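Computed from a predicted model, the values in this text were never measured in an experiment. In what follows, residues are counted from 1 in the order of the sequence shown.
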Amino acid sequence: MKHFGILLISMAFFSFRPTTEKIENNARPGYYISVEDFTDRSNHKYIVESKDSVNIIFEQFFSSELQLGNVDRPITIYNGKRNFYIARVTVSEKPNGELSFRHLKYPNVYTKRTKLRPALF
């Protein structure tokens, strides 16, 4: 009887869970940008979905001829006046209409070195 009760409760929880199609339709690729401006001590945070918006924000804070290329990994640019951080994320919309994000999982760049055998003379 106890197992039957647990089975009924678990089926009830799974019936109210959103479908995977709804979760996938709600999540889309985007970019998270954080800018710390040390000249006026302000912080700006953006969640955008297009590469054009990223370039507009980049040109707003940096007056240079450089443009951002492909963002494969998180990038940090610090020039003494501003700290600019950009990362690719998965953007999702909350039920109340706000945008939230989840960072992508990147493979580890550094590999552990195996313990080397000492040389014998």
K.L.:
If you round to the nearest 0.5 Å, how far is OG1 of Thr76 from CG of Asn83?
P.N.:
6.0 Å
K.L.:
Quick check: do Ser92 and Phe101 have side-chain heavy atoms less than 4.5 Å from each other?
P.N.:
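Not touching, per the 4.5 Å side-chain cut-off.
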K.L.:
Once you round to the nearest 0.5 Å, how far does CZ of Phe61 lie from CD1 of Ile33?
P.N.:
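With rounding to 0.5 Å, CZ (Phe61) is 9.0 Å from CD1 (Ile33).
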K.L.:
Would Ile77 and Phe58 satisfy side chain to side chain contact (heavy atoms under 4.5 Å, CB included), going step by step from the backbone distance to the final call?
P.N.:
CA-CA 11 Å; Ile77 301 171; Phe58 184 74; 3.7 Å; yes
K.L.:
Are Tyr32 and Arg88 side-chain neighbours, meaning at least one heavy-atom pair lies under 4.5 Å?
P.N.:
no
K.L.:
Do Lys51 and Tyr31 meet the cation-pi criteria used here (NZ or CZ under 6.0 Å from the six-membered ring centre, within 45° of the axis)?
P.N.:
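Yes, a cation-pi geometry holds between Lys51 and Tyr31.
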K.L.:
Has Asn70 got a side-chain atom pairing as donor or acceptor with Asp72's backbone, closer than 3.5 angstrom?
P.N.:
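Side chain of Asn70 to backbone of Asp72: no pair is present.
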K.L.:
Flag the pair Arg82 and Glu36 as a salt bridge only when some basic side-chain nitrogen lies within less than 4.0 angstrom of an acidic carboxylate oxygen.
P.N.:
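No, this pair does not count.
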K.L.:
Taking atom types as modelled, is there a side-chain donor on Asp52 or Ser50 under 3.5 Å from an acceptor on the other?
P.N.:
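Short answer, no.
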K.L.:
Side-chain heavy atoms under 4.5 angstrom apart, residues restricted to Ile, Leu, Val, Met, Phe, Trp, Tyr: same cluster for Ile56 and Ile75?
P.N.:
no
K.L.:
Can you check whether Phe62 and Phe84 have ring centres sitting under 6.0 Å from each other?
P.N.:
yes
K.L.:
Got a second to check how far Glu93's CD is from Ile47's CD1, nearest 0.5 Å?
P.N.:
11.0 Å
K.L.:
With sequence neighbours excluded, what pairs up with Glu59 under the salt bridge (Lys or Arg N to Asp or Glu O under 4.0 Å) test?
P.N.:
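Result, salt bridge (Lys or Arg N to Asp or Glu O under 4.0 Å) vs Glu59: none returned.
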K.L.:
Tracing side-chain links under 4.5 Å among I, L, V, M, F, W and Y, which residues wind up in one group with Ile6?
P.N.:
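Result for Ile6 is none, singleton.
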K.L.:
Starting from Leu99, can I reach Val89 by hopping between I/L/V/M/F/W/Y residues whose side chains sit under 4.5 Å apart?
P.N.:
yes
K.L.:
Is the shortest side-chain heavy-atom distance between Val48 and Val54 below 4.5 Å?
P.N.:
yes
K.L.:
Quick one, Glu49 with Arg28, criterion side chain to side chain contact (heavy atoms under 4.5 Å, CB included). Give me CA distance, side-chain angles, the key distance, then yes/no.
P.N.:
CA-CA 8 Å; Glu49 297 179 20; Arg28 51 199 179 272; 2.8 Å; yes
K.L.:
Kindly give the heavy-atom pair with the smallest separation between Gly80 and Phe38, and that separation in Å.
P.N.:
O-CD1, 4.3 Å
